[in-house]
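Input: a single structure, listed below in structure tokens.
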Amino acid sequence: MKMLVVDDSRMARRILIGMLPESLRNSAEIHQGVNGEEAVTLWREQSPDLIFLDLTMPVMDGFDALVAIRAQDPDTPILVVSADIQAGAVAKVMASGANGFIDKSKLTAELHDHLKRLGFL
Amino acid sequence: MQQLNEDQIDCLSELINVAYGKATARVADIMGAFATMRPPQIAVIDRERFRELLQQACASATSCYLARQIFMGDVSGEVVFLLDEASATNITAYLQAQLGSDDNDDDDVLLELGNIVTAAMLNELCAQMEARVTLGEPELHRLSVLPESSQSAAPAAFDHVIKVETVIEFAEQQIHGRIFILTHGQCFEWIRRTLDRMLDDLPS
């Protein structure tokens with residue numbers, strides 16, 4: 001299984017990867033990106049099975065990366081993980097085709113449920 | 001003055017980013033508008049540099065606004081939200097227009113906004129660090145000149161300051177604010193140990 005974790009914060013990527021169930025963390029090939037542009041490039045190069053995508057990033061933000069990927073790939077599950085919890089932001093990402101939105105402050109509580117819902121656990 | 005290493009800064013930056021997200025969402029609710037969030041930039045500075053920044057803010061504008069709130073508990077100190085005059089004007093004009101009245105005191109609007117930002121941010125930050133704190137009453141000061149013995153300058157006990165540079169961007173205006181978390185050496189050491197504990201809990 002291939003996974004893509006995209007966040008401009010090294011610590012945020014480390015935290016998210018650290019919170020993955022051990023079985024998933026040890027078995028998956030995890031690629032990391034630091035902005036939306038890298039998200040699109042890595043999606044194209046690696047064909048991941050699951051993408052975790054932050055929103056507030058330099059160069060290209062997560063909103064634009066989500067739209068760019070969804071324009072060509074309606075199927076790969078994309079979970080947005082963000083500190084931007086405005087109702088408008090959540091609505092925008094879901095309308096753009098994200099499979100779920102995780103509030104970063106609730107990552108511990110919500111990550112497992114999303115992975116289970118998407119069939120990764 | 002104590003400093004944080006790269007990992008500790010990264011960890012604190014991410015905690016503040018999450019806390020800042022909460023504050024942004026609250027402000028956006030009040031403004032009734034969607035805000036484009038920019039990642040906050042953080043740095044650890046000393047009391048003298050904090051005072052210099054206040055002086056620069058006062059010198060570069062007709063006035064600036066400072067909302068402050070003390071906190072006490074597992075960690076104690078003061079959180080300060082410094083708002084430039086342009087941002088203050090933008091906010092009050094926008095909200096007054098929304099409220100349809102100019103009877104509301106602009107200072108009340110700014111005090112409430114400052115309270116929301118500082119309280120939302122501090123409460124979330126402390127929750128993530130599992131620190132129990134209580135907040136004091138918020139105060140608002142309008143500064144045109146920084147007095148020599150200003151109450152707005154950091155009291156001598158607060159020798160460690162975490163500076164958070166923020167921009168909350170709405171379609172028609174920006175709110176450029178700086179948040180300063182003032183604390184003393186013992187509490188700063190608590191913060192540092194907590195960050196290390198959080199880092200240690202992450203798998204290598």
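Since this is a predicted model, take the numbers as computed values, not measurements.
Of the listed residues B:Ala25, B:Ala35, B:Pro39, B:Ala19, the one with more heavy-atom pairs under 4.5 angstrom with chain A than any other is B:Ala35.
Contact check for B:Lys22 versus A:Asp103: side-chain heavy atoms found under the 4.5 Å cut-off. When side chains are defined from C-beta on, A:Arg10 counts as touching B:Asp7, because their heavy atoms get closer than 4.5 Å.
By a heavy-atom distance cut of under 4.5 Å, A:Ala83, A:Asp84, A:Ile85, A:Gln86, A:Gly88, A:Ala89 are the residues of residues 81-91 of chain A near chain B, going up by number. Using a 4.5 Å cut-off between non-hydrogen atoms, no part of residues 125-136 of chain B approaches chain A. Of residues 18-52 of chain A, those residues lying under 4.5 Å from chain B by any heavy-atom pair are A:Gly18, A:Arg25.
The environment of CD in B:Gln186 is sparse: at most 12 heavy-atom neighbours from other residues, nucleotides or ligands sit within 6.0 Å. With a 6.0 Å radius and a threshold of 12 heavy atoms from other residues, nucleotides or ligands, A:Lys106 has its NZ atom at or below the threshold. In the displayed structure, B:Arg142 atom CZ is contacted under 6.0 Å by at most 12 heavy atoms of other residues, nucleotides or ligands.
No salt bridge links B:Glu14 with A:Arg14; every basic N to acidic carboxylate O contact stays at or beyond 4.0 Å.
Of all heavy-atom pairs spanning A:Met11 and B:Cys11, the tightest one is CG-CA, 3.5 Å.
Annotation: the span from A:Asp54 atom CG to B:Asn17 atom CG amounts to 7.0 Å, rounded to 0.5 Å.
With sequence neighbours excluded, the residues forming a ring pair (Phe, Tyr, Trp, His ring centres under 6.0 Å) with B:Phe180 are B:Phe50, listed by chain and number.
At a 4.5 Å heavy-atom cutoff, A:Asp61 makes no contact with chain B through either its backbone or its side chain. Contact annotation for B:Leu15: neither backbone nor side-chain heavy atoms come within less than 4.5 Å of a heavy atom of chain A.
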